[in-house]
Novice: 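Mind looking over this structure? Questions follow.
Order of listing sets the numbers, starting from 1, for every ligand and every atom in it.
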Amino acid sequence: MSKLSGKVAVITGGSSGIGLATAQRFVKEGAYVFIFGRRQSELDRAAELIGSNMTAVQGDVTHAADLDRLYKTVKDTKGRVDVLVANSGVVDVKSIDDVTEEHFDKTFAINAKGLLFTVKKALPLMSRGGSIVLTASIASVKGMPGYGTYSATKAAVRSFARTWTIELKERGIRVNTLSPGPIDTPIIESQADSKYGADALRASFSAVIPLGRMGQADEVAAAALFLASDESSFVAGIDLPVDGGMAQV
Ligand code: NAP
């Protein structure tokens, strides 16, 4: 039987990389999926790849009105949310000497504040037995030059999962964090100024991953499916690394 048969899922950042692979996997497993992101071109491309049982809503997690419009669309068409994957995120690589207030505010606005309001605004629609999956990163437990602000946002995300697990227990909603290691998605290119630079980054990540390669978005989607589905019915408040062992050994 399909693992998400009849479930309604919302995936922020569902237009690219890990979010897109998760949306494709969820639809294959019987879910109806709402994806959310800023660029209409990417949403349109994702809609073609996902095919059916999906709605794309354009918007920005840092704009409250956009999140309200997302959930109004969900409410008007499906009436509820069973699974929320709060996954939108950005990386802006800057060492402590180069950080600016603008860099700090933008990274926290999207990765931490945007994620918090993505969850808060979903709650009125969330059903008993619902599952919230927060995309963090193994960067939250590693010291990686240039990733100080990003890693701190992801440590905040991991912390939210602990608090919300307790705060939402009476409502029967589970919250877990998923922490990818380096995964080959467009976010890798966003950290380099050329194809050569992106390939060098891929090589440097692969060299420090025990499995000897970067991960694929599908491999993270498989873990998101586990946390979203009833297969993980007794799993709450955890951080599930999907990192080829990078932060584990
Ligand atoms: P990606 O391919 O760049 O996808 C990021 C997604 O987030 C896109 O759909 C993007 O769409 C959306 N997004 C970004 N800013 C947004 C905003 N302000 N409002 C709404 N949507 C926004 O990267 P990815 O690798 O799949 O990343 C997904 C998540 O995994 C992120 O949280 C990232 O930090 C985390 N992660 C990734 C890796 C990795 O190595 N790939 C490792 C650890 C953790 P728009 O730009 O069109 O808005």
Side-chain angles (χ1 to χ4, degrees), residues 10-25 33-47 49-50 56-67 69-70 84-93 105-119 121 133-142 144 147 149-158 160-161 177-192 198 201-202 204-206 208-209 213-221 223-224 239-244 246-247:
V10 172
I11 305 174
T12 62
S15 58
S16 176
I18 291 167
L20 172 56
T22 302
Q24 290 177 289
R25 188 70 197 269
V33 168
F34 292 83
I35 62 170
F36 183 73
R38 293 168 301 182
R39 288 166 298 164
Q40 189 62 50
S41 57
E42 294 303 291
L43 291 166
D44 291 345
R45 198 181 63 90
L49 290 169
I50 298 166
V57 179
Q58 189 278 331
D60 186 327
V61 292
T62 66
H63 296 161
D66 290 359
L67 287 171
R69 188 166 37 78
L70 164 67
L84 170 63
V85 183
N87 167 78
S88 289
V90 292
V91 181
D92 183 22
V93 179
D105 290 345
K106 179 188 156 199
T107 310
F108 267 87
I110 296 175
N111 294 4
K113 184 179 172 191
L115 177 137
L116 183 149
F117 285 99
T118 297
V119 171
K121 287 174 180 287
V133 180
L134 310 176
T135 307
S137 168
I138 60 156
S140 73
V141 295
K142 299 280 288 178
M144 295 164 64
Y147 289 83
T149 312
Y150 175 77
S151 302
T153 66
K154 296 302 189 176
V157 171
R158 201 282 169 258
F160 287 149
T177 301
L178 185 59
S179 278
I183 308 297
D184 201 354
T185 72
I187 215 169
I188 300 299
E189 263 125 49
S190 78
Q191 296 166 58
L201 192 59
R202 287 185 182 96
S204 69
F205 280 137
S206 298
V208 293
I209 297 172
R213 62 172 177 87
M214 292 183 68
Q216 298 300 316
D218 284 352
E219 295 176 293
V220 185
D239 182 38
L240 176 57
V242 184
D243 67 346
M246 183 173 166

Novice: Under 4.0 Å from a heavy atom of P182: which atoms of ligand 1 are those, numbered in the order shown and with their elements?
Specialist: 40 (O)

Novice: Between atom CG of L116 and atom CZ of F160, what is the distance when rounded to the nearest 0.5 Å?
Specialist: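 Between atom CG of L116 and atom CZ of F160 there are 4.5 Å.
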
Novice: Please tell me if the side chains of I188 and M214 come closer than 4.5 Å, counting only heavy atoms from C-beta onward.
Specialist: yes

Novice: Hey, could you give me the CD1/CZ distance between I183 and F205, rounded to the nearest 0.5 Å?
Specialist: 10.5 Å

Novice: Side chain, backbone, both or neither: which part of T185 has a heavy atom under 4.0 Å from ligand 1?
Specialist: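 Within the 4.0 Å criterion, T185 contacts ligand 1 through side-chain atoms alone.
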
Novice: Can you run down the salt bridge (charged side-chain N to carboxylate O under 4.0 Å, His left out) pairs that involve residues 177-188, sequence neighbours left out, and say none if there aren't any?
Specialist: D184-R202

Novice: Could you check atom 34 (O) of ligand 1 against the protein and tell me its nearest heavy-atom contact, residue, atom and distance included?
Specialist: Y150 OH, 2.6 Å

Novice: Which residue owns the protein heavy atom closest to atom 37 (C) of ligand 1, what's the atom, and how far is it?
Specialist: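 Atom 37 (C) of ligand 1 sits closest to the protein heavy atom I18 CD1, 3.8 Å.
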
Novice: What part of I110 sits under 4.0 Å from ligand 1 if we count only heavy atoms: the side chain, the backbone, both or neither?
Specialist: side chain

Novice: Hey, are the side chains of I209 and D243 touching, using non-hydrogen atoms and a 4.5 Å cut-off?
Specialist: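 Counting from C-beta outward, I209 and D243 never come under 4.5 Å.
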
Novice: Contact between F205 and ligand 1, counting heavy atoms under 4.0 Å?
Specialist: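 No, that is not the case, since the closest heavy atom of the residue is not under 4.0 Å from the ligand.
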
Novice: Do V208 and M246 come close enough that some side-chain heavy atom pair is under 4.5 Å?
Specialist: yes

Novice: Is there a donor-acceptor pair under 3.5 Å between the side chain of S179 and the backbone N or O of S137?
Specialist: yes

Novice: Between atom CG of L20 and atom CG of D218, what is the distance when rounded to the nearest 0.5 Å?
Specialist: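 The CG atom of D218 is 9.5 Å from CG of L20, to the nearest 0.5 Å.
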
Novice: Should T12 be listed as contacting ligand 1, given a heavy-atom distance under 4.0 Å as the test?
Specialist: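 No; T12 lies far enough from ligand 1 that no heavy-atom distance drops under 4.0 Å.
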
Novice: K154 near ligand 1, heavy-atom distance under 4.0 Å?
Specialist: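 Contact check K154 vs ligand 1: positive.
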
Novice: How far is atom 10 (C) of ligand 1 from its nearest protein heavy atom, and which residue and atom name does that atom have?
Specialist: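 Sorting protein heavy atoms by distance from atom 10 (C) of ligand 1 puts R39 NH2, 4.2 Å first.
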
Novice: May I ask you to check whether S15 has an N/O atom sitting below 3.5 Å from an N/O atom of ligand 1?
Specialist: yes

Novice: Would you say G59 touches ligand 1, if touching means a heavy atom closer than 4.0 Å?
Specialist: yes

Novice: Any non-hydrogen atom of A46 lying under 4.0 Å from ligand 1?
Specialist: no

Novice: Could you establish whether G114 and ligand 1 come within less than 4.0 Å of each other, counting only heavy atoms on the residue side?
Specialist: no

Novice: Return the residue, atom name and 0.1 Å-rounded distance of the protein heavy atom closest to atom 5 (C) of ligand 1.
Specialist: G89 O, 3.9 Å

Novice: Where on N111 is there a heavy atom closer than 4.0 Å to ligand 1, on the side chain, on the backbone, on both, or on neither?
Specialist: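 Answer for N111: neither.
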
Novice: Give me the residue, atom name and distance of the protein heavy atom closest to atom 42 (C) of ligand 1.
Specialist: G181 O, 3.1 Å

Novice: Can you check which of V85, T135, L201, N87 brings a heavy atom nearest to atom 31 (C) of ligand 1?
Specialist: N87

Novice: Who's the nearest protein heavy-atom neighbour of atom 12 (C) of ligand 1, and how far?
Specialist: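 The answer is G13 CA, 3.6 Å.
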
Novice: Heavy-atom distance under 4.5 Å between the side chains of I35 and I50, does that happen here?
Specialist: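 SC-SC contact between I35 and I50 confirmed.
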
Novice: What I want to know is whether E42 and ligand 1 share at least one N or O pair that is separated by under 3.5 angstrom.
Specialist: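 Min N/O separation from ligand 1 is not below 3.5 Å for E42.
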
Novice: Which option, S41, S88, G17, S16, owns the non-hydrogen atom nearest atom 22 (C) of ligand 1?
Specialist: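 Closest candidate by heavy-atom distance is S88.
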
Novice: Is there a polar contact between ligand 1 and I183, counting only N or O atoms under 3.5 Å apart?
Specialist: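 Between I183 and ligand 1 (N or O atoms, distance only) the closest approach is under 3.5 Å.
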
Novice: Report yes if some heavy atom in the side chain of D92 is under 4.5 Å from a heavy atom in the side chain of T149; otherwise report no.
Specialist: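 A side-chain contact under 4.5 Å is absent here.
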
Novice: What is the distance from atom CZ of R45 to atom OG of S16, rounded to the nearest 0.5 Å?
Specialist: 6.5 Å

Novice: Would A136 count as a contact residue for ligand 1, given that I'm defining contact as a non-hydrogen atom of the residue lying under 4.0 Å from a ligand atom?
Specialist: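 Under 4.0 Å: yes for A136.
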
Novice: Please identify which atoms of ligand 1 are closer than 4.0 Å to at least one heavy atom of P186.
Specialist: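 That gives atoms 2 (O) of ligand 1.
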
Novice: Note the single closest protein heavy atom to atom 23 (O) of ligand 1, along with its residue, its atom name and the distance in Å.
Specialist: I187 CB, 3.3 Å

Novice: What's the shortest distance from atom 19 (N) of ligand 1 to any protein heavy atom, and which residue and atom give it?
Specialist: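 Ranking protein heavy atoms by distance from atom 19 (N) of ligand 1, first comes V61 N, 2.9 Å.
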
Novice: Might you confirm whether atom NZ of K113 has over 12 heavy atoms from other residues, nucleotides or ligands at distances under 6.0 Å?
Specialist: no

Novice: N87 pairs by side-chain contact (heavy atoms from CB on, under 4.5 Å) with which of V220, T135, L115?
Specialist: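 Looking at V220, T135, L115, the match for N87 under the side-chain contact (heavy atoms from CB on, under 4.5 Å) is T135.
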
Novice: To the closest 0.5 Å, what do you measure between CG (D239) and CD1 (I138)?
Specialist: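 The CG atom of D239 sits 10.0 Å away from the CD1 atom of I138.
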
Novice: In ligand 1, which numbered atoms sit nearer than 4.0 Å to a non-hydrogen atom of V90?
Specialist: 14 (C), 15 (N)

Novice: Does T118 have any side-chain contact (heavy atoms from CB on, under 4.5 Å) partners at least two apart in sequence or in another chain, and if so, which?
Specialist: T12, V61, L67, Y71, L84, A86

